[in-house]
K.L.:
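Before I ask anything, here is the structure I am working with.
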Amino acid sequence: QVQLVESGGGLVQAGGSLRLSCAASGRTFSTYYMGWFRQAPGKEREFVAAISWSGGFTLYADSVKGRFTISRDNAKNTMYLQMNSLKPEDTAVYYCAADRTRFTAWRTQAPKESDYWGQGTQVTVSS
């Protein structure tokens, strides 16, 4: 069983930055692929970024490539999402996810599924 808790959301002006964190419980964090997803009001949950067990491989949605950076610290059981050059269209509830097998599938799978989800953290970007 893995429990995920996101933090770091908030209100920021366009062009600003935020850093999201996802703290995981348990001693098996390093055996899970980890990902960030987001859901805006009235829209489906969409893939944002994912990272492999060791952090050596990362994937990004085209909409965030070059602006967002995903990372993880297995010693701290924590994953991060550094978001720079934020745009109003980045406004959404951001969720972290953990899964033993899904990684590349997260980009195309619909609806999005994962073994575990966090409760979400709100990110609001004002214009």
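Since we're looking at a predicted model, the values are computed, not measured. Residue indices begin at 1 and follow the sequence shown.
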K.L.:
Do Tyr60 and Thr69 have side-chain heavy atoms sitting under 4.5 Å apart?
P.N.:
yes
K.L.:
For this output row, return yes or no: ring centroids of Trp106 and Phe37 closer than 6.0 angstrom.
P.N.:
yes
K.L.:
Is the NZ or CZ atom of Arg38 both under 6.0 Å from the centre of the six-membered ring of Tyr95 and within 45° of that ring's axis?
P.N.:
no
K.L.:
Taking the side chain as every heavy atom from C-beta outward, state whether Thr121 and Val93 have any pair of such atoms under 4.5 Å apart.
P.N.:
no
K.L.:
Are Trp53 and Tyr33 close enough, and set up right, to give a ring-ring contact (aromatic ring centres under 6.0 Å, His included), and what steps lead you there?
P.N.:
CA-CA 5 Å; Trp53 301 332; Tyr33 295 113; 5.2 Å; yes
K.L.:
Is there a side-chain contact between Tyr116 and Gln1 (heavy atoms, below 4.5 Å)?
P.N.:
yes
K.L.:
Hey, could you give me the CD1/CD distance between Ile70 and Gln82, rounded to the nearest 0.5 Å?
P.N.:
12.5 Å
K.L.:
With a cut-off of 6.0 Å (strictly less than), are more than 12 heavy atoms of other residues, nucleotides or ligands near CD of Gln3?
P.N.:
no
K.L.:
Could you tell me how the ring of Tyr94 sits relative to the ring of Phe68: parallel (under 30°), tilted (30 to 60°) or perpendicular (over 60°)?
P.N.:
tilted
K.L.:
Would you indicate whether the side-chain heavy atoms of Val48 and Leu81 approach each other to under 4.5 Å?
P.N.:
yes
K.L.:
Here's one to test your reading of the geometry: is the NZ or CZ of Arg72 within 45 degrees of the ring axis of Phe29 and under 6.0 Å from its centre?
P.N.:
yes
K.L.:
Could you check whether any side-chain heavy atom of Ser52 comes within less than 4.5 Å of a side-chain heavy atom of Phe103, counting everything from C-beta outward?
P.N.:
yes
K.L.:
Does a side-chain N-to-carboxylate-O contact under 4.0 Å join Asp90 and Lys87?
P.N.:
no
K.L.:
What I want to find out is whether Glu113 reaches Arg102 closely enough, with some N-O distance under 4.0 Å, to be called a salt bridge.
P.N.:
yes
